[in-house]
Amino acid sequence: MQNAISAFLREPPDDTPLEVLAALRLMAGNASEPLPPRLYFETVEQAPVAISITDPTASILYANAAFEHLSGYLRDELLGKNQSILSSNATPDSIYRQLWRTIQRKKTWTGTLVNQRKGGDEYLAELVISPVLDSSGEIAYFLGMHRDVTREHELATALRQQKTRIENVLDAAPTVMVLLDAEGEIILDNMEYKKLFGDLRGREPLPLIRAALRQQAGFDPIERTVPATGGGEDFKNVEVSLEVPGGLGPRWFSCSGTRISEQDGSARSYFGRGNRGDARLLLLATDVTARHREIERAHLEHLRARIAEQRLAQGMREALAAASYQIQTPLNLLRAANAMFANGAGTLEGFAPTLAQITETSEQALKTLQAALPDEIVEACVSVNVNELVRHVLALETDALLAAGVTVDWRPAHVLPEISARQTELRSLFKNLIDNALQATGEAGRSQRELHISTRALDDAVEVCIQDSGPGFPSGDRYKAFEPFYIGWRNRRGRAGMGLPLAQELANQHGGSIEIDPEYNDGCRILVTLTNALPRD
């Protein structure tokens with residue numbers, strides 16, 4: 001057939017229309033071009049992109065196989081139908097109007113529509129519509145190409161949602177967060193960073209944090225974490241202070257820096273042959289000002305208490321010194337009277353004025369001592385857990401116990417009922433007993449020093465057992481141990497003999513008791529029983 005067409009074209013009849021000759025020449029092709037005209041049709045037919053050709057009114061004249069597959073319609077169902085057969089009401093009318101205005105002006109329109117398949121399923125179509133002009137320059141056809149980009153849209157939407165979630169999490173975090181590149185430029189920050197920016201009255205927080213780390217911690221966060229030479233070292237919980245205008249003092253921040261390596265996004269990296277990704281620094285700064293101020297407040301309270309104790313002790317020393325001086329006078333008088341009576345020169349009548357003077361000076365000394373006694377502070381009664389109180393005292397005594405080489409076996413009851421008590425008084429009670437046990441372990445002279453403390457719940461009370469590896473009390477001294485000023489230690493330095501009496505008085509005030517277990521002979525075991533005798537305030 002190709003040869004017949006070629007022969008006809010070499011000697012066409014004189015009355016052959018020019019349009020027929022042009023069509024035949026197109027079909028025959030050019031011998032100098034190796035691609036036959038049929039190839040162009042097959043290429044369009046087998047293209048993986050949905051292609052359609054319509055007349056100027058958008059009636060479909062041709063649709064390729066990919067168009068059939070994508071739309072769900074057979075070719076016979078499409079031919080002669082308007083392109084709007086694929087339209088969905090999910091696409092705004094304004095988009096269609098803009099599309100028609102563009103192609104009627106003989107321009108190519110590119111955009112995205114929501115199309116509808118034969119079965120009613122909707123998909124997102126990326127569409128290109130181009131006018132095909134005839135020899136006179138008028139629109140003869142429209143060429144349409146589109147592909148399903150629903151999956152790409154879903155992935156892009158999921159990516160945006162994930163980005164939104166991350167930004168929401170970052171903004172909700174109570175920590176300043178900022179992501180920096182290797183040059184120190186901010187890539188991303190969160191709401192806490194913006195709040196700090198406002199607190200600093202428009203001054204950028206990052207330079208201030210970097211300067212604080214350099215001056216107070218001795219390193220720059222970027223140079224340490226993402227240095228230009230490569231490598232780097234993370235850091236955690238480095239505390240620095242910033243001066244904030246109008247504040248009540250510096251703001252303290254606990255700073256941490258983490259190196260983040262991003263992947264290379266170039267085309268060459270698609271198969272893993274790209275360059276090493278850029279290094280980033282995630283800088284975190286947690287405001288710990290409240291904790292610092294609480295520590296400072298506790299330190300000041302401790303100093304106040306120490307100063308008050310020193311003043312009280314100084315006052316008592318002065319009062320005792322004055323009383324001691326005043327007691328010297330009656331003592332001297334007594335010594336003189338005793339010497340006179342010993343020599344036989346004294347008489348009762350002559351001693352009467354001296355006795356009156358002794359009484360007067362003794363009463364003055366007694367008044368001086370009574371005036372030195374501190375005022376009693378009445379503490380509020382609250383519901384307390386004995387385990388917690390004992391644990392607090394052990395924490396306070398840790399240094400002393402470690403210095404003495406004492407092994408502590410602390411066994412609190414898993415469940416212990418709360419009792420009504422005065423917390424400070426009970427802490428003093430347990431401290432006196434633990435101090436006493438600590439002294440006892442040193443008196444025994446044993447290489448193994450042990451302290452066992454346990455608690456348990458009774459029917460209507462709580463029992464605390466404090467057991468030490470000291471020498472214990474001889475059976476005859478067990479009652480004397482609770483007498484004021486009784487000291488049974490060999491090393492009496494700094495001891496007044498009031499620890500156990502005060503502990504017993506405090507236990508009695510709480511409706512309880514203290515006793516030394518007579519059945520225990522390998523040291524000393526003291527049993528403290530506490531009840532709910534005190535009403536809660």
Side-chain angles (χ1 to χ4, degrees), residues 298 301-302 304-306 308-310 312-313 316 374 376-382 384-413 416 418-443 449-455 462-470 473 481-489 491-517 523-531 534:
E301 290 296 328
H302 177 70
R304 291 191 186 98
R306 291 287 302 275
E309 289 177 359
Q310 289 176 355
L312 178 61
M316 293 184 68
E376 182 179 2
I377 300 175
V378 179
E379 183 184 1
C381 188
V382 295
V384 300
N385 185 294
V386 173
N387 281 341
E388 291 183 4
L389 294 182
V390 176
R391 191 178 295 112
H392 292 166
V393 175
L394 284 174
L396 293 173
E397 296 286 309
T398 298
D399 291 342
L401 293 168
L402 290 175
V406 177
T407 301
V408 179
D409 178 24
W410 163 229
R411 298 186 181 185
L416 202 63
E418 293 188 344
I419 65 170
S420 180
R422 299 186 179 95
Q423 295 186 80
T424 303
E425 292 183 358
L426 282 190
R427 288 193 187 99
S428 298
L429 185 155
F430 296 131
K431 187 177 186 306
N432 286 333
L433 295 180
I434 292 175
D435 286 343
N436 195 72
L438 180 60
Q439 175 74 12
T441 59
E443 289 279 325
R449 301 180 178 184
E450 298 178 354
L451 175 62
H452 301 269
I453 304 176
S454 62
T455 60
V462 172
E463 182 184 79
V464 181
C465 175
I466 300 176
Q467 173 183 316
D468 62 64
S469 59
F473 285 96
F482 295 99
E483 294 178 0
F485 308 113
Y486 171 79
I487 301 175
W489 311 118
N491 179 14
R492 300 190 176 197
R493 183 180 178 86
R495 303 292 170 179
M498 291 298 294
L500 288 179
L502 288 175
Q504 185 180 53
E505 181 182 356
L506 291 173
N508 293 338
Q509 291 175 359
H510 285 78
S513 62
I514 294 181
E515 63 175 340
I516 299 175
D517 187 355
C524 178
R525 177 187 290 161
I526 293 182
L527 302 176
V528 182
T529 304
L530 301 170
T531 67
L534 293 178

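Below, each value reflects all heavy atoms present in this structure, side chains not excepted, and no hydrogens, waters or symmetry copies. Numbering starts at 1 and runs along the sequence shown. Please read these numbers as outputs of a predicted model, since none were measured by experiment.
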With a 3.5 Å distance limit and no angle check, can you tell me whether [X] reaches the backbone of [Y] through a side-chain donor-acceptor pair?
X	Y	value
His452	Arg525	no
Asn387	Ala413	yes
Asn436	Asn432	no

Worksheet item: With respect to Ile419, which candidate in Leu426, Asn385, Val382 satisfies the side-chain contact (heavy atoms from CB on, under 4.5 Å) definition?
Response: Leu426
Worksheet entry | Inter-residue atom distance Leu530.CG - Gln509.CD, 0.5 Å rounding | 12.0 Å
Worksheet item: Could you state the interatomic distance from CD (Gln423) to CD (Glu388), rounded to the nearest 0.5 Å?
Response: 8.5 Å
Practice prompt. Decide side chain to side chain contact (heavy atoms under 4.5 Å, CB included) for Ile466 and Leu451; before the verdict, give the C-alpha distance in whole Å, the side-chain angles of both, and the deciding distance to 0.1 Å.
Written response: CA-CA 7 Å; Ile466 300 176; Leu451 175 62; 4.0 Å; yes
Report yes if the side chains of [X] and [Y] come closer than 4.5 Å at any heavy-atom pair, otherwise no.
X	Y	value
Thr529	Glu515	no
Val390	Pro412	no
Phe430	His392	no

Discussion item. Before you tell me yes or no, could you show the steps for Ile453 and Ile434 under side chain to side chain contact (heavy atoms under 4.5 Å, CB included), namely the whole-Å CA-CA distance, both residues' side-chain angles and the distance that decides it to 0.1 Å?
Written reply: CA-CA 9 Å; Ile453 304 176; Ile434 292 175; 4.0 Å; yes
Distance-minimising heavy-atom pair for [X] and [Y]:
X	Y	value
Ala421	Val384	CB-CG2, 3.8 Å
Leu429	Ala503	CD1-O, 3.5 Å
Thr441	Glu450	CG2-O, 3.7 Å
Cys381	Ser420	SG-OG, 2.9 Å
Ser428	Leu506	CB-CD1, 4.1 Å

Worksheet item: Can you list the steps and then say if His510 with Arg422 is a side chain to side chain contact (heavy atoms under 4.5 Å, CB included)?
Response: CA-CA 8 Å; His510 285 78; Arg422 299 186 179 95; 3.9 Å; yes
Kindly list each side-chain donor-acceptor pair under 3.5 angstrom involving residues 398-408, sequence neighbours excluded, with atom names and distances?
unit_1 : atom_1 : unit_2 : atom_2 : d
Thr398 : OG1    : Leu394 : O      : 2.9
Thr398 : OG1    : Ala395 : O      : 3.1

